[in-house]
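Because only heavy atoms are used, hydrogens play no part in the values below, and waters and symmetry mates are left out as well, while side chains stay in. A, B, ... follow the sequence lines: proteins, then strands. Residue 1 opens every chain.
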Amino acid sequence: MELLTEDFFARDTLTVAPDLIGKLLVHERPSGERIVGRIVETEAYTQDDPAFHGWGIVDRATGLIKPEGRGYDLFGRPGKAYVYLCYGWYWLLNVVTEPEGRGGAVLIRAVEPLEGEAFIRERREGIRKRTDLTSGPGKLTQAFDIDDRFHNRMLTQPPLYLAAPEQEQAWPIAVSSRIGITRGVEFKWRYFIQGNPFVSPGTPSDIVMRRKLERKLQRP
DNA sequence: ACGAGGATGCTCT
DNA sequence: GAGCATCCTCGTG
């Protein structure tokens, strides 16, 4: 396999996100054991996106960036990991995109286990169905032992990195709106391999919002 | 196959 | 204090 370089990530976020589908997430353990997963689902978050964690530090009028807060890390060097705690419980893994100074990130939402499944099963104790091991952004970080100790570390070198497989395959990529957000639901920036069982079971946010509205209208 | 609810802690107002 | 880029369990059909 070939490690992805900084150049790969220093591009338009909406190009990088689908390009990461089919690539590999690799964690090399101190023991030498390799945990490998095929990326089957990603989401793009851009500088001009209300769901973006760096949204609040961009001055809408002038376009200037205030160098403060958690979100400023998303304007850093492309290829860096942006790892944050979601709902006080689960770590989520992003990779920073765009040239330095522009904001952007791709959320790794689901992978298919290829190597090190024994380790993954240990980390995901109690999970019975194989597809439940890594079919979600919080599940895969638990499975791969990823937390904030990787925050702001480059994902272009061991121990945690992204790579292209020996044989690239042309996967059927589908798109939808993103999962679990309330703003920016109109953007179809979720990419996933059509029919892959490790794609997360979450409902796209535009559908969730529509159902919510329908429910409200039905109540007298 | 759904829907509801709870656990939990960080960030920003 | 509000608002989350989640996951799991336990209800009801």
Check the phosphate of [N] against [X], side-chain N and O only, distance under 4.0 Å to OP1 or OP2. Yes or no?
| X | N | value |
| --- | --- | --- |
| A:Arg124 | C:dC8 | yes |
| A:Arg109 | C:dT6 | yes |
| A:Thr182 | C:dC4 | yes |
| A:His53 | B:dT11 | no |
| A:Arg211 | B:dG3 | yes |

How long is the line joining [atom1] of [X] and [atom2] of [N], in whole Å?
| X | N | atom1 | atom2 | answer |
| --- | --- | --- | --- | --- |
| A:Lys139 | C:dA5 | NZ | P | 18 Å |
| A:Glu41 | C:dT6 | CD | C1' | 13 Å |
| A:Asp147 | C:dT6 | CG | P | 18 Å |
| A:Leu74 | C:dA5 | CG | P | 12 Å |
| A:Asn94 | C:dA5 | CG | P | 11 Å |
| A:Leu92 | C:dC7 | CG | C1' | 11 Å |
| A:Leu133 | C:dC7 | CG | P | 13 Å |
| A:Leu85 | B:dA7 | CG | C1' | 12 Å |

Is there side-chain contact between A:Glu41 and A:Leu20, with at least one heavy-atom pair below 4.5 Å?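 No, too far: nothing below the 4.5 Å cut-off.
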Taking the side chain as every heavy atom from C-beta outward, state whether A:Ile21 and A:Thr42 have any atom pair closer than 4.5 Å.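 Side-chain contact under 4.5 Å: yes.
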With a 3.5 angstrom cut-off on both distances, give the Watson-Crick or G-U wobble partner of B:dG9, or none if there isn't one.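 With both distances under 3.5 Å, B:dG9 matches C:dC4.
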Nucleotide forming a Watson-Crick or wobble pair with B:dA4, both distances under 3.5 Å: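 Its partner is C:dT9.
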Sugar-phosphate only, base, or nothing, as touched by [X] at under 4.0 Å among non-hydrogen atoms:
| X | answer |
| --- | --- |
| A:Gly88 | base |
| A:Arg70 | sugar-phosphate |
| A:Gly69 | sugar-phosphate |
| A:Ile127 | sugar-phosphate |

Check this for me: A:Glu166, atom CD, are more than 12 non-hydrogen atoms of other residues, nucleotides or ligands nearer than 6.0 Å?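 Not more than 12 within 6.0 Å, no.
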Tell me the closest heavy-atom pair linking A:Thr13 and A:Tyr45, and the distance in Å.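 Reported closest heavy-atom pair: CG2-O, 3.7 Å.
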Check the side chains of A:Ser176 and A:Arg190 for a donor-acceptor pair under 3.5 angstrom, ignoring hydrogens and angles.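 Side chains of A:Arg190 and A:Ser176: pair found under 3.5 Å.
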With DNA chain C as reference, determine whether A:Gly126 or A:Tyr45 sits nearer its 5' end, using the nearest nucleotide of each.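 It is A:Tyr45 whose nearest nucleotide is closer to the 5' end.
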Between A:Tyr90 and C:dT6, do the rings stack, that is, sit under 5.5 Å apart with planes less than 30° off each other?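 Not stacked: fails the 5.5 Å / 30° test.
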In terms of relative ring orientation, are A:Trp189 and A:Phe187 parallel, tilted or perpendicular, with 30° and 60° separating the classes?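 Geometry flag for A:Phe187 against A:Trp189: parallel rings.
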